[in-house]
Amino acid sequence: MSGFNKVVNSYEEAMAGLKDGMTVIAGGFGLCGIPENLIAQVKKMGTKDLTIVSNNCGVDGFGLGVLLEDRQVKKMVSSYVGENALFMKQLLAGELEVELTPQGTLAEKMRAGGAGIPAFYTATGYGTPVAEGKDVREFNGRNYILEESITGDFAIVKGWKADKFGNVVYRHTAQNFNPMAATAGKITVVEVEEIVEPGELDPAHIHTPGIYVDRLIVGTFEKRIEQRTVRT
Amino acid sequence: MSGFNKVVNSYEEAMAGLKDGMTVIAGGFGLCGIPENLIAQVKKMGTKDLTIVSNNCGVDGFGLGVLLEDRQVKKMVSSYVGENALFMKQLLAGELEVELTPQGTLAEKMRAGGAGIPAFYTATGYGTPVAEGKDVREFNGRNYILEESITGDFAIVKGWKADKFGNVVYRHTAQNFNPMAATAGKITVVEVEEIVEPGELDPAHIHTPGIYVDRLIVGTFEKRIEQRTVRT
Amino acid sequence: MALTREQIAIRVARELQDGFYVNLGIGIPTLVANYVPEGMEVMLQSENGLLGMGQFPTEDEIDADMINAGKQTVTTVTGASIFSSAESFAMIRGGHVDLTVLGAFEVDTSGNIASYMIPGKLIKGMGGAMDLVAGADNIIVTMTHASKHGESKLLTKCSLPLTGAGCIKKVLTDLAYIEIEDGAFILKERAPGVSVEEIVSKTEGKMIVPDHVPEMVF
Amino acid sequence: MALTREQIAIRVARELQDGFYVNLGIGIPTLVANYVPEGMEVMLQSENGLLGMGQFPTEDEIDADMINAGKQTVTTVTGASIFSSAESFAMIRGGHVDLTVLGAFEVDTSGNIASYMIPGKLIKGMGGAMDLVAGADNIIVTMTHASKHGESKLLTKCSLPLTGAGCIKKVLTDLAYIEIEDGAFILKERAPGVSVEEIVSKTEGKMIVPDHVPEMVF
């Protein structure tokens, strides 16, 4: 790697340095826009006691769900974990910790983490179990709770196209949590479908500027569909 | 106006409802990407006692500077006001109030205002005059100050292209504060160089989604250059 | 007769206005999209990052990268925009969405709502619901008035963990349209053929019954 | 001899590393871009919303919509990205910029910096400077060692309103390169032909002088 060439050539290299007990922030919503191959690499590495920050935990046998099979996950920070039988089983058995976080708060925590904002107030969750132990403060007659930001040792991100500088664009709603995750990793790894020539991406339409990206790899994706709905 | 057609046909209509004492958030950085004609309309209306939130206050005779001529501005919230002799005169004479706000904090205050975040912590300004009277709190061994968000009665924004739905894209660095300003107005007015056909803008590359935009008008712009620098 | 799912959707659709940005939750709320009044345009927000959600795709149009908050494959309408989850919830939290429709397990006379968790039984998570109820000014909760066993879901105090506190003002059940004001349920409309007495008997929280409670017309 | 503006820029440029994202302040810091070592690539961040700032435009290329933080017309390099002020300061505040170079009126042995305001005289504002000094880990302050009247600008305690508290570790003046550590200035290098005695005499704050203080070579 030299200058601004962020491209690495193997998934081993992409996830090099991941260690037991680390925090990994993952992009994706449901199975849409998830870093499939980076997750598979984490499974292959067998790293344990991970804290995973991701809106969901995949499904049984796909996405982040595969990390449950060998009990690699100590704790999940998610807004919705309902699609995963193994998850429920480990959770109810006390083998897995979960920190349920409202979806918008989770997105904002990642953004804040990347943006050097250590904490922010939100009305979301005031008066609910989410507010337990958190500071409450009134602004303009309304109560808000203080939420702290999230950063990770690694962020794993799924993009569509990128140039070697690490400038990334996302496709359709596969964007979701990926741009915020990309800002919040000490080491941010992005896998994409295509690496384009320098200058091909319009500077004004880059979703994730290369400054946030440490490693970039091109992969192939299954893109499993969770709820296939069609009109006739 | 019906459905999602945000287009208005006169600057009178664009700024209708602006009243003495209101807060107006303006996009722009220096003279780049400023809503020239909306500012001119405010001057024409003669509205007084305005609080203007904008990174700068234009120059003598152009941009927000024109609102000083008839003393329409009660207070400026800005990060840098150094390019304007009339501004300095009124400030030193006590005829104008200024709340100097660090540039990044100002951008974040607008974004937070639009995003329903009433306040956030930042290290910016800790230990400086900016911190006076503000809450200090330690996170991970570092001190941060609490900054409250900003919203305006009006936001005035300069875009490049928009469709009738109010989806806006900005051109080059004329983007600057405009996207945040657009989110933070009770009434957000955007003036653009061109209104394009519905469907012409790529949904994944819209800088300001139409949900933030109340009124849209097409104008012509002088685009004065503040520091003309060339290489030979 | 209790309202059908479709009738609930039709009644909610009457709250729509031309030019509204609307977030529809999973289940009955989703059906509201089918009953937008003629000549009116609304734009649907999906909290995973889509404004201007269209209908389901044809087989040919299916795209794994284009889904809604229910993880269903969808399409976009002309004028749509697609953005990050942070931007999506900036819209929601910032109060830019004109109407939010979502389901619930319970609501109470203080405007509290419980919709995401049954302790020891259902631990799926709140998804975007907490942000939606905290961020919106205009929320309609759709739910059945009572459980299958006849237990009221309109309570003096929610028994389940809350999704939001003091944020609900409008509830449409299969029996009635109700507004919450000053610590009471105000009975505004009743389902066709459903008596005020039945509604009151199935409402555990304090209910105020005006002299005239119009019957909904479909 | 005191360093020239160009020599200051050259010395700062030696702190660059291949692949660095760098924010250069107005004035001398801007000159650093001219002395990026051969074979090394850096990318310039301009806080108005540009990563990958290029050289000034030709007459034909001038575009009012393409400026830098000094409001000068500029161009972009291949690999550039353009974004909002909020995104720009997310990069800065979030510590993603590898090196920040900026000027100052005063620094002190506690790492405080004063650079934006002379009360009663100069009230222009801090612009992005407070965010830059608070957000960056790696900051080099460039300044003259003393005022025209010989008053030291390296103090025990800044006399002017602060831009940032406890955030400066590296200072390059026209006389010396200095690091701030444990409440003292450490004299690391001296300008060619400038004596340790001159530097010490022009430094008001506590200065630690190592046995050997190498002379800068140009």
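Computed from a predicted model, the values in this text were never measured in an experiment.
- When the candidates C:Ser46, C:Ser85, C:Gly166, C:Ala80 are compared by the number of heavy-atom contacts under 4.5 Å with chain A, C:Ser85 comes out ahead.
- C:Asp65 pairs in a side chain to side chain donor-acceptor pair (under 3.5 Å) with only one of the listed residues (A:Lys158, A:Lys223, A:His172), which is A:Lys223.
- C:Asn34 CG: more than 12 foreign heavy atoms inside a 6.0 Å radius.
- Side-chain atoms of C:Thr73 come within 3.5 Å of backbone atoms of A:Thr229 as a donor-acceptor pair (strictly under, hydrogens ignored).
- Contacts of A:Met88 with chain C are made by side-chain atoms alone, with heavy-atom separations under 4.5 Å and no backbone atom involved.
- Distance OG/A:Ser78 to CE/C:Met126: 10.0 Å, rounded to 0.5 Å.
- Heavy atoms of A:Asn56 lying under 4.5 Å from chain C belong exclusively to its side chain.
- Nearest approach of C:Gly125 to A:Tyr80, heavy atoms of both residues: O-CD1, 3.5 Å.
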Point to revise | Criterion side-chain contact (heavy atoms from CB on, under 4.5 Å) on A:Arg231 and C:Thr58, from CA distance to verdict | key: CA-CA 5 Å; A:Arg231 74 172 188 278; C:Thr58 60; 3.6 Å; yes
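- Only the side chain of A:Gln175 comes within contact range of chain C, with heavy atoms under 4.5 Å apart.
- C:Tyr35 is linked by a ring pair (Phe, Tyr, Trp, His ring centres under 6.0 Å) to nothing, counting only residues two or more places apart in sequence or in another chain.
- Only the side chain of A:Leu92 comes within less than 4.5 Å of a heavy atom in chain C; its backbone stays farther off.
- Comparing C:Gly127, C:Gly49, C:Ala86 by how many heavy-atom pairs each has under 4.5 Å with chain A, the most go to C:Gly127.
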Exercise for review: Show the numbers, then the answer: is there a side-chain contact (heavy atoms from CB on, under 4.5 Å) between A:Gln103 and C:Asp131?
Suggested key: CA-CA 7 Å; A:Gln103 196 174 139; C:Asp131 303 280; 4.2 Å; yes
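- Using a 4.5 Å cut-off between heavy atoms, C:Glu47 contacts chain A through both its backbone and its side chain.
- Contacts of C:Asn112 with chain A are absent, with no heavy-atom separation under 4.5 Å from either backbone or side chain.
- Heavy-atom pairs under 4.5 Å with chain C peak, among A:Arg224, A:Glu83, A:Met180, at A:Met180.
- Most heavy-atom pairs under 4.5 Å with chain C: of the set A:Asn176, A:Val130, A:Asn178, A:Ile225, this distinction falls to A:Asn176.
- One distance of note links NE2 of A:His207 with OG of C:Ser84; it measures 9.0 Å at 0.5 Å rounding.
- Of the two parts of C:Ile92, neither the backbone nor the side chain holds a non-hydrogen atom closer than 4.5 Å to a non-hydrogen atom of chain A.
- Counting heavy atoms from C-beta outward, A:Pro102 and C:Tyr116 have side chains that stay 4.5 Å or more apart.
- The most heavy-atom pairs under 4.5 Å with chain C, out of A:Gly125, A:Gly33, A:Pro129, come from A:Pro129.
- Contacts of C:Thr163 with chain A are made by backbone atoms alone, with heavy-atom separations under 4.5 Å and no side-chain atom involved.
- At a 4.5 Å heavy-atom cutoff, the contact between A:Leu91 and chain C is made by side-chain atoms alone.
- Among the candidates C:Cys167, C:Gly70, C:Ala114, C:Pro57, the residue making the largest number of heavy-atom pairs closer than 4.5 Å to chain A is C:Pro57.
- Rounding to the nearest 0.5 angstrom, the gap separating the CD atom in C:Gln72 from the CZ atom in A:Arg228 is 13.5 Å.
- The backbone N or O of C:Ala134 lies less than 3.5 Å from no partner atom in the side chain of A:Thr124, so there is not a single donor-acceptor pair.
- To the nearest 0.5 Å, atom OG1 of residue A:Thr122 and atom CE of residue C:Met130 are 11.0 Å apart.
- At a 4.5 Å heavy-atom cutoff, A:Thr232 makes no contact with chain C through either its backbone or its side chain.
- A cation-pi arrangement is present between C:Lys71 and A:Phe29 under the rule of less than 6.0 angstrom and at most 45 degrees off the ring axis.
- C:Phe89 CZ to A:Glu108 CD: the interatomic distance, rounded to the nearest 0.5 Å, is 11.0 Å.
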